[in-house]
Amino acid sequence: MRAEATVATEEQTGSGGRQEAASASAIEPSGHSDGGSTNIADAVVTKIAGIAAREVPGVHDLGGGAARAMGSMTQRVGLGDERTQGVSVEVGEREAAVDLTLVVDYGESIPQVAEAIRSNIVKRVEGITGLSVTEVNISVNDLYFPGDDDRSTEEQTG
Amino acid sequence: MNARPVRPDMTPALVSPRLRLARLAWERALSTEGVDSGYAGESGFWQTDYRGEVLPGVLAIARSDARYDVELHLRAAWPTPPLHEVARSIREDVVASAARMGLAQALGALEIAFGDMAEPPLGGS
């Protein structure tokens, strides 16, 4: 059933299912049965995608510079959630699209890291929610060099 | 609403079907693998008071045909199994339990929503 829907969507939208996912974003990702429906909130998909990205070696952190700065501030006062920073999802009835912003460890192959992230997010999101992941867009906005943290700590204290 | 609070010493037969269904669905959901807890929402809207205790994440809503639709709002556990399988398991369990307790005729639709997910500690999965 889902495979048929996915094929039809790809034929209609050409390069991807983002249009379908966006147009269906008002509808909860649901499975209907005679006894009622099952809904999965966007927040759940966002957390799964964030955790799946962090599982990949070479991913140092998620989020852009501003998001990480704000994130560390809000986490210090107990308001932020590091796991969802830098992750945004569009969820349709049967499909989801994921956008990620992240920092990669210096020395890692960015294409390989990106492909591993894509693969892990698709596996986790599809396995847990039953949603078909149409695209994972990855934006690498910085490199992390070992020692960066030590240097910034020294600058702050001294 | 001016309903009297339900006394703890009341027998199940004296407790309304609405409360019995809410309690039953809540207990069955929380005993299902893959469910961490009930999820009352940011504003605490999705919850039921039962004998003075709060059941977070469940609502039983009366219909015009004397049945009650039950809404379960849940936080998924981590590691998270396939959520549609978890929902199917809850649904089967609730329907069977309702039948055993003579509530099959009172149970309407069972809506299951996963509104949040428990998280692994940072730095490990």
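Quick caveat, the model's predicted, so the values are computed rather than measured. The chains referred to below are lettered A, B, ... by the order of the sequence lines, with proteins before strands, and numbering in each begins at 1.
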**Fill in**
In terms of heavy-atom contacts, A:Thr38 and B:Phe114 come closest through CG2-CE1, 4.1 Å
**Asked** Counting distance only, does the side-chain N/O of B:His84 pair as donor-acceptor with the main-chain N or O of A:Gly130 below 3.5 Å?
**Response** no
**Asked** Can you tell me how far the CD atom of B:Glu119 sits from the CD1 atom of A:Ile48, to the nearest 0.5 Å?
**Response** 11.0 Å
**Item:** In one Ile/Leu/Val/Met/Phe/Trp/Tyr side-chain cluster, 4.5 Å: B:Val54, B:Trp46
**Value:** no
**Nearest non-hydrogen partners of B:Gly115 and A:Ala43, listed with the distance** = O-CB, 4.2 Å
**Request:** Kindly compute the distance separating CZ (B:Arg91) from OG (A:Ser37), expressed to the nearest 0.5 Å.
**Result:** 7.0 Å
**Asked** When hydrophobic residues are tied together by side-chain contacts of less than 4.5 Å, even through go-betweens, does B:Leu59 share a cluster with B:Ile112?
**Response** no
**Request:** Taking all non-hydrogen atoms of both residues into account, name the closest pair between B:Pro120 and A:Ile51 and its distance.
**Result:** CD-CD1, 3.4 Å
**Request:** Determine whether A:Val113 and A:Val140 fall in the same hydrophobic cluster, where Ile, Leu, Val, Met, Phe, Trp and Tyr are linked whenever their side-chain heavy atoms lie under 4.5 Å apart.
**Result:** yes
**Asked** Does atom CD of A:Gln112 have more than 12 heavy-atom neighbours from other groups under 6.0 Å away?
**Response** no
**Message:** Please give me the minimum heavy-atom distance between A:Lys47 and B:Met117, naming the atom from each residue.
**Reply:** NZ-O, 3.2 Å
**Item:** Spatial distance of atom CG (B:Leu74) from atom CD1 (A:Ile40) [nearest 0.5 Å]
**Value:** 11.5 Å
**Item:** Verify same cluster id: B:Val58, B:Phe45 (apolar side-chain graph, 4.5 Å)
**Value:** no
**Item:** Same cluster (ILVMFWY, side-chain, under 4.5 Å), A:Leu100 and A:Ile110
**Value:** yes
**Item:** Pair B:Thr80-A:Val44, side-chain contact (heavy atoms from CB on, under 4.5 Å): steps then yes or no
**Value:** CA-CA 10 Å; B:Thr80 313; A:Val44 174; over 6 Å; no
